[in-house]
J.: 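There's a structure below that I have some questions on.
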Amino acid sequence: MSSAQATKNCITLKGSAQIIVEYLKYGIHSILFQRGIYPAENFDSTQQYGLTILMSKDPKIETFLKNVLSQTEEWLSKNMINKISMVITNAHSKEVLECWDFKMQAEMGDNQSADPTQRTSSKDQTRIQNEIRDVMRQISATVSYLPLLDCICTFDVMIHTLENTELPAKWDETGAIVIQNAQAVQLRSFSTGLHKVETVVNYKMST
């Protein structure tokens with residue numbers, strides 16, 4: 001194998017963060033569509049991971065997610081994040097109805113370096129994409145048995161950082177998310193070799 005090929009199959013911490021942020025982008029848009037948070041006509045279909053995924057065309061949502069995810073990518077490439085939460089609330093009562101948690105765990109990679117910035121993974125990109133595709137399929141399947149959101153809802157995305165992380169201007173610290181009468185469904189995880197990502201949906205049981 002030439003050194004050029006060797007480098008090509010090598011995932012760095014930054015590359016791992018990019019793969020995860022791409023998953024978060026498609027995952028969040030998919031949840032927004034499938035949970036009916038916004039009208040179906042506000043979405044366009046695109047192909048990713050061998051699946052058709054619906055993406056919001058709303059410029060406000062696109063800008064909001066771009067800002068959140070670029071910050072996520074920066075912090076994740078320094079292993080400063082342990083969880084991202086997508087929170088769905090009743091727009092009127094502000095009650096939290098659903099919370100999608102994307103939990104991130106640092107992995108050692110191939111060279112087991114004590115310095116995280118020097119770690120790399122040679123995990124095959126196709127395998128990673130296939131693992132993500134399985135999670136995306138599960139998100140679609142899970143939605144079919146979650147309780148109907150029969151009220152106007154809004155969503156927010158929260159980044160759970162490690163302690164002592166400097167917050168960007170205009171960002172607020174928030175408290176814990178509490179869902180009354182909550183149930184949780186654990187979805188499959190995927191791994192880049194440098195990060196393991198678990199997806200869990202917590203939802204309010206309809207009474």
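Quick note: numbers below take in every heavy atom, side chains included, and nothing from hydrogens, waters or symmetry partners.
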J.: Taking the six-membered ring where the residue is Trp, are the ring centres of Y49 and Y26 under 6.0 Å apart?
T.: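 That pair passes the under 6.0 Å test.
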J.: May I ask you to check whether H29 and S56 show a side-chain donor-acceptor distance below 3.5 Å?
T.: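 No, S56 and H29 have no side-chain donor paired with an acceptor closer than 3.5 Å.
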J.: Is there a side-chain contact between F155 and W100 (heavy atoms, below 4.5 Å)?
T.: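 The answer is no, as the side chains (C-beta and beyond) never meet within the 4.5 Å cut-off.
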J.: Locate the shortest heavy-atom distance separating D101 from S85; write the atom from each residue and the value.
T.: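 Heavy-atom minimum between the residues: OD1-OG, 2.6 Å.
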J.: One thing to verify: whether R119 and E107 come together as a salt bridge, which I'm taking to mean a side-chain N less than 4.0 angstrom from a carboxylate O.
T.: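 So E107 does not pair with R119 through a salt bridge.
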J.: Is there a side-chain contact (heavy atoms from CB on, under 4.5 Å) between K123 and I128? Walk through the geometry before answering.
T.: CA-CA 7 Å; K123 184 164 178 178; I128 299 169; 3.9 Å; yes
J.: Could you check whether any side-chain heavy atom of S121 comes within less than 4.5 Å of a side-chain heavy atom of T192, counting everything from C-beta outward?
T.: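 Heavy-atom side-chain distance check fails, nothing below 4.5 Å.
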J.: Show the numbers, then the answer: is there a side-chain contact (heavy atoms from CB on, under 4.5 Å) between V185 and V200?
T.: CA-CA 6 Å; V185 178; V200 180; over 6 Å; no
J.: Looking only at non-hydrogen atoms, find the nearest pair between C153 and I37 and report the distance.
T.: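 So the two residues come closest at O-CG2, 3.7 Å.
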J.: Using every non-hydrogen atom in the two residues, find where I139 and L187 come nearest and quote the distance to one decimal.
T.: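 Heavy atoms of I139 and L187 come nearest at CG1-CD2, 3.6 Å.
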J.: Can you tell me how far the CG atom of L76 sits from the CE atom of M80, to the nearest 0.5 Å?
T.: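 With rounding to 0.5 Å, CG (L76) is 10.5 Å from CE (M80).
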J.: Under a 3.5 Å distance rule, please check whether D110 uses its side chain to pair with a backbone N or O of S122 as donor and acceptor.
T.: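 Such a contact is found between D110 side chain and S122 backbone.
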J.: Can you tell me how far apart CE (M55) and CG (N42) are? Round to the nearest 0.5 Å.
T.: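 Reported to 0.5 Å precision, the distance equals 14.0 Å.
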J.: Side chains of I88 and I31: closer than 4.5 Å at any heavy-atom pair?
T.: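 When only atoms from C-beta onward are counted, I31 and I88 do touch, with a gap below 4.5 Å.
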J.: Indicate whether any N or O donor in one side chain lies under 3.5 Å from an N or O acceptor in the other, for Q34 and S140.
T.: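 The answer is yes; a qualifying pair exists.
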J.: So, the side chain of E198 versus the backbone of F102: is there a donor-acceptor pair under 3.5 Å, distance only?
T.: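 No; judged by distance alone, with no hydrogens or angles, the pair does not exist.
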J.: Rounded to the nearest 0.5 Å, what separation is found between the CD1 atom of I152 and the CG atom of N90?
T.: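 Here the rounded value is 9.0 Å.
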J.: Once you round to the nearest 0.5 Å, how far does OG1 of T63 lie from CG of D58?
T.: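 If I round to the nearest 0.5 Å, the distance is 8.5 Å.
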J.: Start with the C-alpha gap between T52 and Q47, add the side-chain angles, then the distance that decides, and say whether side-chain hydrogen bond (donor to acceptor under 3.5 Å, both in side chains) holds.
T.: CA-CA 5 Å; T52 300; Q47 294 294 315; 2.7 Å; yes
J.: Please check if any side-chain donor atom of H195 sits under 3.5 Å from a side-chain acceptor atom of N79, or the reverse.
T.: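 N79 and H195 do have a side-chain donor-acceptor pair below 3.5 Å.
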J.: With a 4.5 Å cut-off on side-chain heavy atoms, are R137 and T142 touching?
T.: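 No - every pair of side-chain heavy atoms lies 4.5 Å or more apart.
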J.: Ignoring hydrogens and geometry, is there a side-chain-to-backbone donor-acceptor pair from E131 to S191 under 3.5 Å?
T.: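 Confirmed, E131 side chain pairs with S191 backbone.
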J.: Could you walk me through whether L24 and M104 pass the side-chain contact (heavy atoms from CB on, under 4.5 Å) test, one step at a time?
T.: CA-CA 12 Å; L24 290 171; M104 327 228 168; 4.0 Å; yes
J.: Hey, are the side chains of L32 and M86 touching, using non-hydrogen atoms and a 4.5 Å cut-off?
T.: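 The answer is yes; the side chains approach within 4.5 Å.
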J.: Could you check E95 against K204 for salt bridge (Lys or Arg N to Asp or Glu O under 4.0 Å), going step by step and ending with a plain yes or no?
T.: CA-CA 10 Å; E95 182 187 7; K204 184 187 177 187; 3.0 Å; yes
J.: Quick one: CG on L54 to OG on S30, what's the gap to the nearest 0.5 Å?
T.: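 Separation between the atoms: 7.5 Å.
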J.: State the CD1-CD distance between I132 and Q125, to the nearest 0.5 angstrom.
T.: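 Output value for this atom pair is 9.0 Å.
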J.: May I ask you to test the R35-Y203 pair for a side-chain heavy-atom distance under 4.5 Å?
T.: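 No; the side chains remain at least 4.5 Å from each other.
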J.: With hydrophobic residues grouped by side-chain heavy-atom distances under 4.5 Å, do M205 and V201 end up in a single group?
T.: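 Linked within one cluster.
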J.: Determine, step by step, whether F33 and Y38 satisfy the ring pair (Phe, Tyr, Trp, His ring centres under 6.0 Å) criterion, reporting the C-alpha distance in whole Å, the side-chain angles of both residues, the deciding distance to 0.1 Å, and the verdict.
T.: CA-CA 7 Å; F33 174 76; Y38 298 101; over 10 Å; no
J.: With heavy-atom distances below 4.5 Å as the criterion, would you say the side chains of C151 and L97 are in contact?
T.: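 C151 reaches L97 side chain to side chain.
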J.: Which atom names give the shortest non-hydrogen contact between S70 and N67, and what distance separates them?
T.: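 Scanning both residues completely, I find the closest heavy atoms to be OG-O, 3.1 Å.
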J.: State, with a plain yes or no, whether a side-chain heavy atom of K57 is found less than 4.5 Å away from one of E41.
T.: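 Answer no - side chains too far apart.
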J.: Working note: T89 + T154, criterion side-chain hydrogen bond (donor to acceptor under 3.5 Å, both in side chains); need CA distance, chi angles, decisive distance, verdict.
T.: CA-CA 5 Å; T89 47; T154 58; 3.0 Å; yes
J.: Check for me, please, whether Y145 and M136 land in the same ILVMFWY cluster - side-chain distances under 4.5 Å, paths through other members count.
T.: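 Same cluster.
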J.: Show the numbers, then the answer: is there a side-chain contact (heavy atoms from CB on, under 4.5 Å) between V197 and K103?
T.: CA-CA 5 Å; V197 181; K103 300 175 181 177; over 6 Å; no
J.: One thing to verify: whether E62 and K60 come together as a salt bridge, which I'm taking to mean a side-chain N less than 4.0 angstrom from a carboxylate O.
T.: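 E62 and K60: not salt-bridged.
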